[in-house]
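Worksheet for the structure shown next.
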Amino acid sequence: MTDVSPDIALIRARLLDWYDRHARSLAWRAPPGTRQRPDPYRVWLSEVMLQQTTTPHATPYFQTFTSRWPTVSDLAAAQDAEVMAAWAGLGYYARARNLLACARAVAGEHGGVFPDTEAGLSALPGVGAYTAAAVAAIAFDRPANVVDGNVERVMARLFAVETPVPQARPELRRLAGLFINDQRPGDWAQALMDLGATVCRPKSPLCDLCPIADPCAGRASGDPERYPVKTKKTDRPQRKGVAWVLFDDQGRVAVETRPDKGLLGGMLGLPTSDWTTGEPLTPPPIDADWRDVGSVEHVFTHFSLTLTVMTARGEARAGWRWMPFEAARAALPTVFAKALDRATVESDLFL
DNA sequence: CAACCGTGGTG
DNA sequence: TCACCAAGGTT
């Protein structure tokens, strides 16, 4: 084993220099040039929103949240339903429930001030290893091993790691840790992630633009895109279900709040059949003149769903409540928004 | 610890 | 069209 410490220092210097010249302007970043630390609330909020979510998708939500709830205490004081509605469409709804729980913990148990250590941050709801490290580094400039999918990919390529993920995770984390020191920890973390997002991309990496192409073993291999090596995927099962779109005579829609646990937990929903068993021929939940208006397709993380949409006018059942169409449309997760749109387009109930 | 948990863009 | 995948966390 050769001594790689000179390469580590070189890579750090080159990447930080690249970041100084190419850092993206993002809504949650402090203006470039200003040495001030960004607001921990905004850093935390952005990191939670960016979990498994692209920057273009998260950005408008970030603007809405910070405009509506400028501080963590404002967010802590919000109603559950308004926060869940504001999160609708962003996905992984446990994040929104944990976001509120975290805001209330910070407001109630920490005087409205975020903990400034990784350990303190890790104790908060919805804050895992990555987010704790990212907030500690970016908001508080503490040395922390910030390892997300970008960092894993950069390390896998830089060192041509042949072990497939997810088995390689500990090794990739160890390699990322080699670069951590107390010099500009927040900038280092963001430089590494920016590089992964814009240059060391999953597909078609732009090695010609990469500031650390020279020491990169993946580049030297001639096929950097092969890294990180992955084990093969498991296929997605296909499920079927029925959504019941019930209108009253004012055009309002019957909705229900879904249980906190499980798929779309805590979100507003349309009444549906059980789609976990793949049995679409569920009897209607209430007696009405139901009309089949076709179906919508939706892909979740671990299954695909064909949702048959039935619509009628009628009386709401216990557990349901009427909501004006536009309010419901805005607060529903995407799968139900699709169903509602289907019912509206195909129905003559409004004519 | 593997399974569960959304959505939209992309090649 | 469809598989991949994005600033992951929880159980």
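Both backbone and side-chain heavy atoms feed into the values below; hydrogens, waters and symmetry mates do not.
- The ring-ring contact (aromatic ring centres under 6.0 Å, His included) contacts involving residues 98-120 of chain A comprise A:Trp44-A:Phe114, where partners must be two or more places apart or lie in separate chains.
- Donor-acceptor pairing under 3.5 Å is recorded for the side chains of A:Glu297 and A:Thr306.
- Below the 3.5 angstrom threshold, one finds no donor paired with an acceptor across the side chain of A:Thr334 and the base of B:dG8.
- When heavy atoms are screened at a 4.0 angstrom cut-off, A:Val151 is found touching no nucleic acid atom at all.
- Between A:Arg169 and A:Glu152 there is a salt bridge, since at least one side-chain N of the basic residue sits less than 4.0 Å from a carboxylate O of the acidic one.
- Heavy-atom nearest nucleotides on DNA chain C were determined for A:Arg24 and for A:Asn98, and the one closer to the 5' end corresponds to A:Arg24.
- Nucleic acid contact for A:Leu305: none, since no nucleic acid atom lies under 4.0 Å from a heavy atom of the residue.
- Here chain A contacts DNA chain C (any atom closer than 4.0 Å to a heavy atom, that is under 4.0 Å), and the contacts span C:dA3 to C:dT10 from 5' to 3'.
- Within the 4.0 angstrom heavy-atom criterion, no nucleotide atom of any strand lies near A:Gly196.
- Within the nucleic acid shown, A:Trp44 has no heavy atom closer than 4.0 Å to any nucleic acid atom.
- The residues A:Asp39 and A:Arg42 are annotated as not salt-bridged, no charged nitrogen and carboxylate oxygen being separated by less than 4.0 angstrom.
- Residue contacts for A:Arg201: at a heavy-atom cut-off of 4.0 Å it reaches no nucleic acid atom on any strand shown.
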